[in-house]
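Below: one structure, written as structure tokens.
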Amino acid sequence: MSRIVVGVDGSENADAALAWAAEEARLRGMTVHVVHAWDIPAYMTAPGVWAPIETPEELVGEARARVAEIVTRVLGDAPDVEVQWTTARAAPATALLEAADGA
């Protein structure tokens with residue numbers, strides 16, 4: 001099934017994009033693929049040496065809860081379109097491009 005990919009972050013504009021994507025998907029018989037991307041920056045260990053910060057599991061759980069809350073708030077408990085969602089620790093543009101591959 002074809003899909004429409006949309007990024008969400010809890011902002012009014014992202015909520016509007018999600019609502020539009022859901023309506024467009026409903027009209028076209030498509031799936032909505034919601035992407036919520038987040039990142040923790042690296043830290044400097046020595047001059048010019050950067051190390052990534054490990055992702056605490058609680059942050060992953062919070063990101064998943066956040067996207068579920070956004071989808072429910074914008075589309076309701078029982079949207080009339082199939083909704084899939086992904087969370088990703090990545091720059092938003094990178095996560096959206098990866099999710100949109102083939103969409």
Side-chain angles (χ1 to χ4, degrees):
M1 177 179 272
S2 297
R3 59 198 165 91
I4 296 176
V5 178
V6 61
V8 298
D9 61 7
S11 68
E12 281 186 42
N13 289 336
D15 289 355
L18 175 55
W20 176 88
E23 180 60 15
E24 192 69 17
R26 186 188 65 76
L27 291 171
R28 296 176 183 266
M30 301 170 84
T31 298
V32 177
H33 184 145
V34 180
V35 178
H36 180 67
W38 54 280
D39 201 6
I40 299 173
Y43 64 96
M44 188 177 287
T45 59
V49 179
W50 292 88
I53 296 174
E54 291 298 315
T55 305
E57 196 58 38
E58 67 187 45
L59 290 181
V60 174
E62 288 174 13
R64 290 180 179 145
R66 178 74 173 137
V67 73
E69 181 273 324
I70 291 168
V71 169
T72 300
R73 179 172 40 80
V74 175
L75 302 181
D77 290 327
D80 56 356
V81 64
E82 182 181 347
V83 178
Q84 301 171 345
W85 53 269
T86 303
T87 61
R89 179 183 172 185
T94 301
L96 285 167
L97 285 172
E98 287 179 9
D101 187 32

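The side chain to side chain donor-acceptor pair (under 3.5 Å) check on Glu62 picks up nothing, with sequence neighbours excluded. The salt bridge (charged side-chain N to carboxylate O under 4.0 Å, His left out) check on Arg64 picks up nothing, with sequence neighbours excluded. Qualifying salt bridge (charged side-chain N to carboxylate O under 4.0 Å, His left out) partners for Asp77, counting only residues two or more places apart in sequence or in other chains: none. With sequence neighbours excluded, the residues forming a side chain to side chain contact (heavy atoms under 4.5 Å, CB included) with Ala22 are Val32, Leu75, Val81, listed by chain and number. With sequence neighbours left out, the side chain to side chain donor-acceptor pair (under 3.5 Å) criterion links Thr86 to His33.
Cluster annotation: Val35 and Val71 are assigned to distinct hydrophobic clusters (Ile/Leu/Val/Met/Phe/Trp/Tyr, side-chain heavy-atom contacts under 4.5 Å, transitive). Both Ile70 and Val83 are assigned to one and the same hydrophobic cluster, defined by single-linkage of ILVMFWY side chains at heavy-atom distances under 4.5 Å. A continuous path of Ile, Leu, Val, Met, Phe, Trp and Tyr side chains, each step under 4.5 Å between heavy atoms, connects Trp85 with Val6, placing both in one hydrophobic cluster.
Between the CZ atom in Arg26 and the CD1 atom in Ile4 there is a gap of 11.5 Å [rounded to 0.5 Å].
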Between side-chain atoms of residues 7-18 and protein atoms elsewhere (two or more places apart, or another chain), which donor-acceptor pairs fall under 3.5 Å?
| from | atom 1 | to | atom 2 | distance (Å) |
| --- | --- | --- | --- | --- |
| Asp9 | OD1 | Ser11 | N | 2.9 |
| Asp9 | OD1 | Ser11 | OG | 2.7 |
| Ser11 | OG | Ala14 | N | 3.2 |
| Asp15 | OD2 | Arg73 | NH1 | 2.4 |

Anything under 3.5 Å between a donor and an acceptor, one on a side chain of residues 90-103, the other on a protein residue two or more places apart or in another chain? List them.
none

Residues Trp38, Val60; criterion side-chain contact (heavy atoms from CB on, under 4.5 Å); working and verdict: CA-CA 9 Å; Trp38 54 280; Val60 174; 4.0 Å; yes

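The salt bridge (Lys or Arg N to Asp or Glu O under 4.0 Å) analysis of residues 28-37, with sequence neighbours excluded, yields the pairs Glu24-Arg28.
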